[in-house]
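Heads up: the structure comes next, in C-alpha cells.
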Amino acid sequence: MTTIRPGLCSVTFRALSPEKIVELSAAAGLEAIEWGGDVHVPPGDVARAAQVAKATTDAGLAVAAYGSYFRAGGDEQLTPILDTAEALGADRVRIWAGSVDAADATDADWAQVIDRLRSAAADAGERGIGLALEFHSGTLAATAPATLRLLDEVGSPHLSTYWQPTVAASVDAVLEEYRALAAHTSAAHVFSWWPAKERLPLRARDALWTRFFGEAAVAANPPRDALLEFVPDDDPALLVSEAASLRGYLGV
C-alpha cells in the first residue's frame with residue numbers, strides 16, 4: 001500500500017474530449033488527471049479550465065497538475081498559465097527547461113533558463129502553485145545531474161521535478177536516475193517504451209515498474225502522483241487494463 005495516487009496524463013488521449021477522459025479515468029479506477037495545455041485546457045482559457053475542473057471533481061477525481069508547455073524562454077508569458085492553473089484548481093504546473101539538450105547547452109543557455117525559472121518559481125509561489133520540470137531529453141533537464149544543477153541554481157522551494165524512464169536506458173540506469181532525483185520528485189510519468197519509442201503495455205517492463213514503485217513507496221519524499229502517459233496505439237479501450245497494472249504496482 002502506498003500514498004502515491006494513480007492517475008492519467010490527458011495528453012494520452014489528445015483526440016478525446018475532457019469529459020470523455022474524465023469518464024474513462026473514473027471507470028478505470030484512477031484518482032487524478034494531469035490536464036494538458038496543448039489541447040484540453042489551453043492557457044488563458046480560464047472558463048474552459050473551470051469547466052474541466054468541475055467535471056473532474058464531480059467525478060470524484062483530483063486535478064493532479066496542469067501540464068503546460070512553458071519552456072522558460074525570456075519572452076514567454078507565465079501569467080496566463082498560472083491563471084489557468086488556478087481556475088483548474090491545480091497546485092502544480094509542469095514546465096520545460098528550455099529547448100536545448102543539456103549536452104549541447106552553452107553557458108548563456110544555462111544562465112537564461114536559470115534566471116527565467118527563478119523568476120517563474122517566485123511568481124508561482126506567490127499564488128501557492130509549484131512548478132515541476134519535465135525530465136526529458138532536448139532540455140536542460142535531460143539527465144539527473146543536469147536536473148540537480150537546475151534545482152540547485154534556481155534554489156526555490158517552489159520548483160521540483162518529474163521523473164520518467166529515459167528512453168532506451170536500462171532498468172538499472174533509470175532507477176539510478178530516480179534515486180538521484182527522488183528527494184525532488186513530485187510526480188512520475190509512467191509508460192513502457194522499449195527498446196526505443198515502441199509503446200508497450202505497462203507490464204512489458206514489469207522488472208522496471210516493480211522495482212521503481214518498491215523504492216518510491218518507501219522514499220523519504222515519495223512522488224505524489226504516478227501518471228499514465230500514453231498507451232499502445234493510443235487506444236482508449238486499453239486504459240482499464242493499464243490502470244489495473246498501475247494500481248497493482250501501487251497496491252491500491
Side-chain angles (χ1 to χ4, degrees), residues 1-13 21-22 24-36 40 56 59-68 89-95 130-136 141 144 147 160-167 169 171 173-194 199-232 234 236 238-252:
M1 181 67 70
T2 176
T3 59
I4 302 171
R5 297 187 300 191
L8 176 74
C9 296
S10 76
V11 297
T12 300
F13 302 120
I21 290 170
V22 166
L24 290 170
S25 298
L30 297 174
E31 297 178 14
I33 301 174
E34 175 183 285
W35 288 106
H40 297 123
T56 305
L61 304 173
V63 173
Y66 182 42
S68 84
D91 64 358
R92 182 178 63 222
V93 176
R94 186 213 59 198
I95 61 172
L131 303 181
L133 300 168
E134 175 85 0
F135 180 58
H136 203 285
T147 303
S160 64
T161 187
Y162 278 36
W163 173 88
Q164 64 186 34
T166 297
V167 172
V171 170
V174 299
L175 289 176
E176 192 63 31
E177 289 177 327
Y178 169 66
R179 293 181 194 117
L181 297 173
H184 310 281
T185 298
S186 55
H189 280 167
V190 180
F191 55 83
S192 288
W193 290 10
W194 193 259
R199 298 180 183 180
L200 306 179
L202 211 54
R203 287 286 181 185
R205 301 201 73 192
D206 190 66
L208 163 61
W209 295 116
T210 298
R211 290 175 61 187
F212 168 73
F213 285 114
E215 293 192 20
V218 297
N221 180 44
R224 183 177 71 183
D225 301 299
L227 304 166
L228 290 168
E229 187 179 39
F230 307 118
V231 296
D234 299 331
L238 296 180
L239 183 59
V240 168
S241 59
E242 290 293 270
S245 295
L246 176 59
R247 293 169 60 238
Y249 290 126
L250 293 171
V252 297

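All residue numbers refer to positions in the sequence shown, counting from 1. This one's a predicted model, so the numbers in the text were calculated from it and none came from an experiment.
When side chains are defined from C-beta on, Trp194 does not count as touching Pro165, because their heavy atoms never get closer than 4.5 Å. Inter-residue side-chain proximity for Trp209 and Leu246 is flagged as unmet; no heavy-atom pair is nearer than 4.5 Å. Between Leu227 and Val190, the closest side-chain pair of non-hydrogen atoms is not below 4.5 Å.
Checked against side-chain hydrogen bond (donor to acceptor under 3.5 Å, both in side chains), Glu134 has no partners two or more places apart in sequence or in another chain. Considering only residues two or more places apart in sequence or on other chains, Ala182 meets the side chain to side chain contact (heavy atoms under 4.5 Å, CB included) condition with Tyr178. Qualifying salt bridge (charged side-chain N to carboxylate O under 4.0 Å, His left out) partners for Arg224, counting only residues two or more places apart in sequence or in other chains: Asp91. Take Thr210 and apply the side chain to side chain contact (heavy atoms under 4.5 Å, CB included) test, not counting sequence neighbours, and it matches Asp206, Tyr249. Scanning for side chain to side chain contact (heavy atoms under 4.5 Å, CB included) contacts around His40 gives Ser10, Pro18, Ile21, Trp35, with sequence neighbours left out. Shown here are the ring pair (Phe, Tyr, Trp, His ring centres under 6.0 Å) partners of Phe191, two or more places apart in sequence or in another chain: Trp193. Annotation: salt bridge (charged side-chain N to carboxylate O under 4.0 Å, His left out) contacts of Glu34 (sequence neighbours excluded): Arg94. For Arg92, the salt bridge (charged side-chain N to carboxylate O under 4.0 Å, His left out) partners two or more places apart in sequence, or in a different chain, are Asp225. Residues passing the side-chain hydrogen bond (donor to acceptor under 3.5 Å, both in side chains) test with Trp163: none are found, sequence neighbours excluded. Annotation: side chain to side chain contact (heavy atoms under 4.5 Å, CB included) contacts of Ala180 (sequence neighbours excluded): Ala144, Leu148. Legend: residues meeting salt bridge (charged side-chain N to carboxylate O under 4.0 Å, His left out) with Glu31, ordered by chain and number and at least two apart, are absent.
In this structure, Pro6 and Val252 approach most closely via the heavy-atom pair CG-CG2, 4.0 Å. Contact record, Leu239 with Leu30: CD1-CD1, 4.2 Å, taken as the closest heavy-atom pair. Scanning both residues, Ala183 and Asn221, for their nearest heavy atoms gives O-ND2, 3.0 Å. Between Ser160 and Ser186, the shortest heavy-atom contact is OG-OG, 2.8 Å. Closest of all the heavy-atom pairs between Tyr162 and Ala65 is OH-CB, 3.4 Å. Closest heavy-atom contact between Ala216 and Ile4: CB-CD1, 4.0 Å.
A donor-acceptor pair under 3.5 Å is formed between the side chain of Ser241 and the backbone N or O of Leu238.
Atom CG of Leu208 is separated from atom CZ of Arg203 by 12.0 Å, given to the nearest 0.5 angstrom. Distance CZ/Arg205 to OG/Ser192: 6.5 Å, rounded to 0.5 Å. Expressed to the nearest 0.5 Å, how far OG1 of Thr12 lies from CG of Asp234 amounts to 8.0 Å. Note that the CD1 atom of Ile33 and the CG atom of Leu61 stand 5.0 Å from one another [nearest 0.5 Å]. Annotation: the span from Thr161 atom OG1 to Leu131 atom CG amounts to 11.5 Å, rounded to 0.5 Å. Between Leu228 atom CG and Glu242 atom CD the span is 6.5 Å, to the nearest 0.5 Å.
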Stepwise side-chain contact (heavy atoms from CB on, under 4.5 Å) test for Phe212 and Val174: CA-CA 9 Å; Phe212 168 73; Val174 299; over 6 Å; no
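Sorted by first then second residue, the salt bridge (Lys or Arg N to Asp or Glu O under 4.0 Å) pairs that include residues 212-223, not counting sequence neighbours, are Arg179-Glu215.
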